[in-house]
Amino acid sequence: MAEIIDGKEIARAIREAIREEAAALREKTGVTPGLAVVLVGDDPASWIYVRRKAQACEEVRFLSRELRLPADAAEGELLDIIAQLNGDDAIHGILVQLPLPEQIRTQAIIEAIDPEKDVDGFHPVNVGRLLTGNPGHVACTPRGVIELLDRIGVDIAGKEAVIVGRSNIVGKPLALLLLARHATVTICHTRTRNLPETTRRADILVAAAGRPEMIRGEMIKEGAVVIDVGINRRPDGGLVGDVAFAEAERRAAYITPVPGGVGPMTIAMLLGNTLAAARRIAAPV
Ligand code: GUN
């Protein structure tokens, strides 16, 4: 039976360290890290995420500002808000919750954020820095996955890492991070011909496809580390990941639960990126 990776507890310890570092920064420079979260519309899942982010800020004594726009807001309104936040010295991190309503071009919004305040790591400047091996802000969920692997003591170098899912938010940046750590990386997606054959090669298997329980037990190599990034709502209201947990648990050496695995790590990494941005502004290099 696999050992269950307690992302909730690991994230709690990281938040505690961030709280102490932020207190030291405040003491030394008078700067309190500030995060602005912008939410457009009323998607219930997004509401929950935004609330969690605000709670986490409170816990580590960051300044947090929440801005809400109606679902029918124009792109120009959102761009105006971003321009204001870019110029606001109390705000070091700006996060626009995705997905955005369809009248707003997501890429135009991402590109309007000052790359130094882009704590999501989605701006092309930050993506490019990651690609070329000189990272700025790195996307929070992929960073959280690497942090979990480090905490359980996995030596990533030389391992076969297989990622299922090729999103800009998780799959692609995670592939770059694993590559930088010298893994042999495969990205699978909807057109991958023989998915089980590929996933069975994985020493490190990351499921980030957004398809409930699509990774079955027989797709997993004995002794693999299985990281489940999926959060899917079941018809009965419960949450399931992209991995069929009960089956996977019998084959993996380590596995993350849903909830309580990767999710809390994403928020801890967001706080870490905001602290790093505040530090750079307090003591520019
Ligand atoms: N929606 C789902 N995940 C994310 C994330 O990491 N950042 C933002 N901004 N929106 C999201």
Side-chain angles (χ1 to χ4, degrees), residues 7 11 14 35-57 64-69 71 73 75 78-79 81-82 85-86 91-102 104-115 117-127 130 135-148 163 165-177 206-211 227-233 239 241-242 256 258-259 261-274 276-277:
I14 292 171
L35 174 68
V37 177
V38 186
L39 177 59
V40 184
D42 37 27
D43 174 55
S46 291
W47 271 73
I48 295 171
Y49 293 141
V50 167
R51 203 177 57 219
R52 292 222 176 111
K53 285 163 189 170
Q55 281 167 349
C57 279
S64 107
R65 202 180 296 162
E66 218 175 291
L67 299 106
R68 289 171 189 270
L69 285 176
E75 186 178 293
L78 185 51
L79 288 171
I81 287 179
I82 291 170
L85 294 170
N86 281 342
I91 296 297
H92 307 99
I94 303 170
L95 182 147
V96 178
Q97 186 66 34
L98 303 180
L100 290 168
E102 48 184 44
I104 298 178
R105 292 168 303 155
T106 302
Q107 202 57 26
I109 298 306
I110 289 171
E111 293 186 21
I113 298 171
D114 176 347
K117 296 190 177 188
D118 166 41
V119 285
D120 259 330
F122 295 165
H123 192 286
V125 165
N126 286 319
V127 176
L130 176 61
H137 288 303
V138 175
C140 301
T141 302
R143 266 195 68 202
V145 171
I146 298 289
E147 188 72 34
L148 285 179
I163 302 165
R166 55 175 154 178
S167 69
N168 288 341
I169 293 183
V170 183
K172 283 192 255 178
L174 179 58
L176 294 170
L177 289 175
V206 182
R211 286 172 58 188
I227 307 288
D228 190 350
V229 180
I231 303 180
N232 310 287
R233 185 76 58 193
L239 290 180
D242 288 358
T256 59
V258 175
V262 175
M265 295 298 289
T266 297
I267 295 183
M269 297 299 114
L270 172 68
L271 298 173
N273 281 350
T274 305

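Below, all heavy atoms of this structure are taken into account, side chains as well, without hydrogens, waters or symmetry copies. Whatever order the structure lists ligands and atoms in, that order sets their numbers, starting from 1. Remember, predicted model here, so these are calculated numbers, not experimental data.
- Protein heavy atom in closest approach to atom 1 (N) of ligand 1: Leu98 O, 3.0 Å.
- Looking at Tyr49 against ligand 1, nothing comes within 4.0 Å, counting heavy atoms.
- For ligand 1, the atoms sitting less than 4.0 Å from at least one non-hydrogen atom of Leu95 are 9 (N), numbered in the order shown with element in parentheses.
- At a heavy-atom cutoff of 4.0 Å, ligand 1 is contacted by no atom of Thr266, backbone or side chain.
- Rounded to the nearest 0.5 angstrom, Leu79 CG and Glu111 CD are separated by 11.0 Å.
- Within the cation-pi definition used here (under 6.0 Å to the ring centroid, within 45° of the axis), Arg68 qualifies as a partner of Trp47.
- When heavy-atom distances to ligand 1 are checked against a 4.0 Å cut-off, Asp120 comes that close only through its side chain, counted from C-beta outward.
- Summarising the contacts of atom 2 (C) of ligand 1 with Gln97, Lys53, Met269, the nearest heavy atom is found in Gln97.
- Taking the side chain as every heavy atom from C-beta outward, Gln107 and Pro124 approach each other to under 4.5 Å.
- Using a 4.5 Å heavy-atom cutoff, the side chains of Ile94 and Asn86 are in contact.
- Asn273 places a side-chain N or O within 3.5 Å of a backbone atom of Val119 that can act as its donor or acceptor partner.
- Asn168 places none of its side-chain heavy atoms less than 4.5 Å from the side chain of Phe122.
- Residue Val96 approaches ligand 1 through these ligand atoms, each under 4.0 Å from one of its heavy atoms: 8 (C), 9 (N).
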